[in-house]
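Below: one structure, written as structure tokens.
Quantities reported herein were computed from a predicted structural model and do not represent experimental measurements. Numbered from 1 within each chain, the chains take letters A, B, ... in sequence-line order.
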There are 2 protein chains.
Amino acid sequence: MQKNPVQCQFVVALDSIVGKWKPIILYHLLQGKPLRFNELRRLLPDITQRMLTLHLRELEEEEIVKRVIYPQIPPKVEYSITEYGKSLSPILETLHQWGAAHLERKQLKEAKNEQTETD
Amino acid sequence: MQKNPVQCQFVVALDSIVGKWKPIILYHLLQGKPLRFNELRRLLPDITQRMLTLHLRELEEEEIVKRVIYPQIPPKVEYSITEYGKSLSPILETLHQWGAAHLERKQLKEAKNEQTETD
DNA sequence: TTGTATAGTATTAAAAAAGGTACTGTAATG
DNA sequence: CATTACAGTACCTTTTTTAATACTATACAA
């Protein structure tokens, strides 16, 4: 990892939200309702337990996500967004909007290409 | 890559700016001045030619960066941000701000820990 | 007694990303 | 004549990320 100070702020921010599953985990947790481990699994049908664990640990480490263990059997663990984590909301929002526009643009272009090909 | 529609917009947006060097390449190009290949290399002292080429190609593919070849010898190629690429500006800006705050927070916390340890 | 649900861990394998080094061709410079 | 600048490409290795599978413990239900 380059130690370039200019890059740092971007990288720091991106590290917190990048990862194959982090954006969607955050998306769900930002809805506000705490979610249990298996609830998250069901919301991300293709994630493996290992990957979910790893990403949640990273998010917890950065105090973006809070992990609460209820000492019961069978075990219960709830994950929720922290106040600090909520500050990511504008970033996610901006990304989502840009992504949507980007997709639309791509699709328009593809449609145009198909048209000129059949002309 | 998960084909989850909820994740798509995030992933699409992130793909355009994520990569070990993309944010800093974009940062420099967003200054407005077109940059030559080797100028970029000098600005990113640790990047290899190969990595710079690959990232620039990806950015070009997405029409975020424009590549102009001047048929001279020695060759001259200029990279610049496109109008479309400029639309990434708010994302980068938001990320940069959040990253700066996140770093500050981390440093404050470390300082606090050191203090309590020496108490 | 077998199976289910819970929230994971451990181990190994595969795939993707990044890095390192050498090499191209042409012209100008020392 | 050797070196430098330019903008890369080709080939190979290392590192990182992701995936797959099996396993843990406990309690409850059929």
Under 4.0 Å protein heavy-atom contacts per nucleotide of nucleotides 20-30 of chain C, with B for base, S for backbone only and - for none: B-B---SS---
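With L88(B) as reference, I17(B) is the one residue of I81(B), T82(B), I17(B) to meet the side chain to side chain contact (heavy atoms under 4.5 Å, CB included) rule. Each of L44(B), L52(B), L54(B) was scored for a side chain to side chain contact (heavy atoms under 4.5 Å, CB included) with W21(B), with one residue passing: L44(B).
Distances from the side chain of R36(A) to the nucleotides dT6(C), dA19(D), dA7(D) place dT6(C) closest. Of all nucleotides listed (dA7(D), dA7(C), dG8(D)), dA7(C) comes nearest to the side chain of V77(A).
What separates CZ of R42(B) from P of dT4(D) is a distance of 15 Å, to the nearest Å. The interatomic distance linking N38(A) (CG) with dG8(C) (P) rounds to 9 Å, in whole Å. The interatomic distance linking I24(A) (CD1) with dT18(D) (P) rounds to 15 Å, in whole Å. In this structure, CE of M51(B) is placed 16 Å from P of dT14(D), rounded to the nearest angstrom. Between the P atom of dT6(C) and the OH atom of Y79(A) lies a distance of 14 Å, rounded to the nearest Å. A straight line from CD of Q72(B) to C1' of dC6(D) spans 10 Å, rounded to a whole angstrom. As a whole-Å value, the separation of D15(B) CG from dA17(C) C1' is 13 Å. Rounding to whole angstrom units, NZ of residue K76(B) and C1' of dA7(D) are separated by 13 Å.
Contact check, W21(B) against dA17(C): no side-chain N or O comes under 4.0 Å of OP1 or OP2. Contact annotation: K20(A) side-chain N/O to dA19(D) OP1/OP2 distance is under 4.0 Å.
Under a 3.5 Å cut-off, the side chain of Q115(B) and the backbone N or O of A111(B) do not form any donor-acceptor pair.
Summarising the geometry, atom CZ belonging to F37(A) is positioned 11.5 Å from atom CZ belonging to R42(A); distances are rounded to the nearest 0.5 Å. W98(A) contributes atom CH2, which lies 15.5 Å from atom CD of E93(A) (distance to the nearest 0.5 angstrom). Taken from CG in L35(A) to OG in S80(A), the straight-line distance is 9.0 Å, to the nearest 0.5 Å.
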N/O donor-acceptor pairs under 3.5 Å from side chains in residues 55-64 of chain B, not counting sequence neighbours:
residue	atom	partner	partner atom	Å
H55(B)	ND1	M51(B)	O	3.3
R57(B)	NH1	Y79(B)	OH	3.4
E58(B)	OE1	K22(B)	NZ	2.9
E62(B)	OE1	S16(B)	OG	2.6
E63(B)	OE1	R105(A)	NH2	3.1
E63(B)	OE2	K109(A)	NZ	2.4

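Classification of K86(A) and E83(A) as a salt-bridged pair holds, one side-chain N sitting under 4.0 Å from a carboxylate O.
Pairing each heavy atom of E78(A) with each of P34(A), the nearest pair is OE1-CB, 3.7 Å.
Contact check of residues 52-68 of chain A against DNA chain C (heavy atom, cut-off under 4.0 Å) returns T53(A), R57(A), R67(A).
At the heavy-atom level, Y70(A) lies nowhere under 4.0 Å from the strands shown.
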